[in-house]
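Here's the structure we're looking at; comments come further down.
Note that the coordinates shown come from a computational prediction; the quantities given were computed from them, not determined experimentally. What you see below is based on every heavy atom in this structure, not just the backbone, and it leaves out hydrogens, waters and symmetry mates.
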There are 2 protein chains.
Amino acid sequence: MARSPQKKTSAPVSGNAVTADLVAVLVAVTDGTPKIMTIAGGSALPSGPFEFTHRSLQTALRAWVEAQTGHPLGYVEQLYTFADRGRSGDAKGPHSVSISYLGLTREDRVGEGFEAHWSGWYDYFPWEDQRAGAPAFIARSIAPKLKTWAKAAPSPTLQRERWQRCAITFGLDDRGWNEELVLQRYELLWEASLIPEAGRAHDREAPAAPGKPMTADHRRILATGIARLRAKIKYRPVVFELMPAEFTLLQLQRSVEALAGRLVHKQNFRRLIEQQELVEETGAMAADTVGRPAKLFRFRHAVLAERAVAGTKLPLSRT
Amino acid sequence: MARSPQKKTSAPVSGNAVTADLVAVLVAVTDGTPKIMTIAGGSALPSGPFEFTHRSLQTALRAWVEAQTGHPLGYVEQLYTFADRGRSGDAKGPHSVSISYLGLTREDRVGEGFEAHWSGWYDYFPWEDQRAGAPAFIARSIAPKLKTWAKAAPSPTLQRERWQRCAITFGLDDRGWNEELVLQRYELLWEASLIPEAGRAHDREAPAAPGKPMTADHRRILATGIARLRAKIKYRPVVFELMPAEFTLLQLQRSVEALAGRLVHKQNFRRLIEQQELVEETGAMAADTVGRPAKLFRFRHAVLAERAVAGTKLPLSRT
DNA sequence: ACATCTTATGCTCAAGGAGAGTATAAATGG
DNA sequence: CCATTTATACTCTCCTTGAGCATAAGATGT
């Protein structure tokens, strides 16, 4: 075993065989609603076995999605690889490695005659939509249940730590809401037995949190995808993958707000977009609108080549 | 196939078996040098088959590294999963999925009697160390070769695009150096046939760029790890995983500089660290030093619980 | 004792960015 | 014409960031 630093011989490769699956979080935004492609009546993300006839995972996913939807996939990014023991049920059976991807498209690109549907992603994570302020059921329902869970910790110190974690992730006790903590919130609810997928006993004290469940760990994978996308839109111009060719600045803003799950300051949003020169006017104006007509813009694809954006948080020395 | 949106039957799972490998980028910083654990005389990253007796990939990696080094692993993060067709040589043979991880430790924690060594990561990526300014060989050797490669493109437009890409990633033509583009730089050199691992013809016009090669795609994986870590230190307090229990602010600064490959402004660095309340004084002073003795600090582990840092780049509305 | 070197540490300043609000323009439906 | 709705242009303030100056506190050599 030249590849291992271990001196004793490793297990033979043949005893280590697994199957590889792809799981895709395919996102679109339509009418201010972020949607994901689902199958099986919205209870699962599209997934399938990885065909090794492709050059790489990325090309395999693209080909696969294209076959499903009849349209090419814009932006693609790997999310996470899971290899949980109990995933295929029998611990002795063939194990499965699931490689998840995030992909961005537009809903109208979906072809006909497929099983796939588009489901609003806030159906699965109602607490993540804070555009109209924090949903009432957080304070009314989720927070008390979390408090109960926190108090169930064995020691006062652990109780305090548990509650602090709840308060931070859900923005309780006058803390701000952090829209990027999607996965942390989901995992917290899981630990507190508020997620049906956890498969634990749900008695009267800890019924499920609102939100539609999914097969296996698919809702966790979706949470990972949402979190990644919410982080990404802040430093990469990926929103445009979800927009039509031409759009108004307000439409663009609504898409960002839909993804982030919170509102942005209109004037400052425009300033940000314009000073970064991300868009250019098409010359045309939006039709069929209420109020003053807005200019139509298109994405300047050139910026992808021009820039290699990356924010600094280090006090770099320029000398 | 309930899990697939595809209507036609998918290939049977049995025809899809693969082997799963873990590849680790284990990082330590000693005396201002970032190091990675290597095997086989520094020509490969530690790797081995994944044992499905573990609950998850993360725990498998931790257990495995602990067995190798005799010490627990601090911070662990998944990097990327590769499944290249040609990886195991024969396209018809058993395919391999490689799941790579980034782990942070300290060099002195390595146990005795193992094959592993610590190698400086700039041995593999000499151009990434810009602490003493851009290394002379970039302008003298790499840039001209990239120019040649750019000019070899079939059309003037493509030539310009190629060169723009070179200039952006390597900070040429008076552009600033972006330390996070580690992977982009490596891939660019690969495309330009300046990387021995590419296995293409290296004639007189395109000899290899400086830097030690590695087995298979290990240097690419290392590049991924370096890039991830360089990005991470800017918004998460992970540097402390690489520091001893007590340290001076200058030592901390040197570690950050070692990782980032560039110098930071001393006074501003202190201001940043202190205003974020990341550290607290131990009360003791550093001994055996030149110049005025520095206070010793320790990491405030409490911040990990207190905060859930995440920078905003959206003009969020607070109302 | 004193000069000098080296690192530590405190403080100021200017430019730019981010959050928030005011004001005006241009359309539609009564 | 007026109310309503959305678009768009500015302004203002506070905070952050990059940069530099000044002083402190040790060691070492003369």
Salt bridge A:Glu257-A:Arg262, side-chain N to carboxylate O under 4.0 Å: no

How many whole angstroms separate atom [atom1] of [X] from atom [atom2] of [N]?
X        : N      : atom1 : atom2 : answer
A:Leu249 : D:dT5  : CG    : P     : 21 Å
B:Lys295 : D:dG26 : NZ    : P     : 12 Å
B:Phe269 : C:dT9  : CZ    : P     : 13 Å
B:Leu296 : C:dT7  : CG    : P     : 17 Å
A:Leu252 : D:dT8  : CG    : P     : 13 Å
A:His265 : D:dA9  : NE2   : P     : 15 Å
B:Met285 : C:dT6  : CE    : P     : 20 Å
B:Leu272 : C:dT9  : CG    : P     : 17 Å

Look at the side chain of B:Arg271 and the base of D:dG18, then say whether one donor and one acceptor between them are separated by less than 3.5 Å. yes

Hey, is the side chain of A:Gln267 pairing donor to acceptor with the base of C:dT22 inside 3.5 Å? yes

Compute whether any side-chain donor of one residue and acceptor of the other, for A:Asp173 and A:Trp163, lie under 3.5 angstrom apart. yes

Under 3.5 Å, is there a donor-acceptor pair between the B:Tyr186 and B:Gln184 side chains? no

Residue mapping more 5' on DNA chain D - nearest nucleotide basis, A:Asn268 or A:Ala294: A:Ala294

Out of C:dA25, D:dT17, D:dA9, which has the shortest distance to the side chain of A:Arg292? C:dA25

D:dA7 phosphate, OP1 or OP2, under 4.0 Å from A:Lys266 side-chain N/O: yes

Looking at A:Arg270, I'd like to know whether one of its side-chain N or O atoms comes within less than 4.0 Å of OP1 or OP2 on D:dT8. yes

Can you tell me how far apart OG1 (A:Thr169) and CD (A:Gln164) are? Round to the nearest 0.5 Å. 10.5 Å

Inter-residue atom distance A:Leu102.CG - A:Leu79.CG, 0.5 Å rounding: 5.0 Å

5'-most contact on DNA chain C: A:Gly291 or B:Thr248, nearest heavy atom basis? B:Thr248

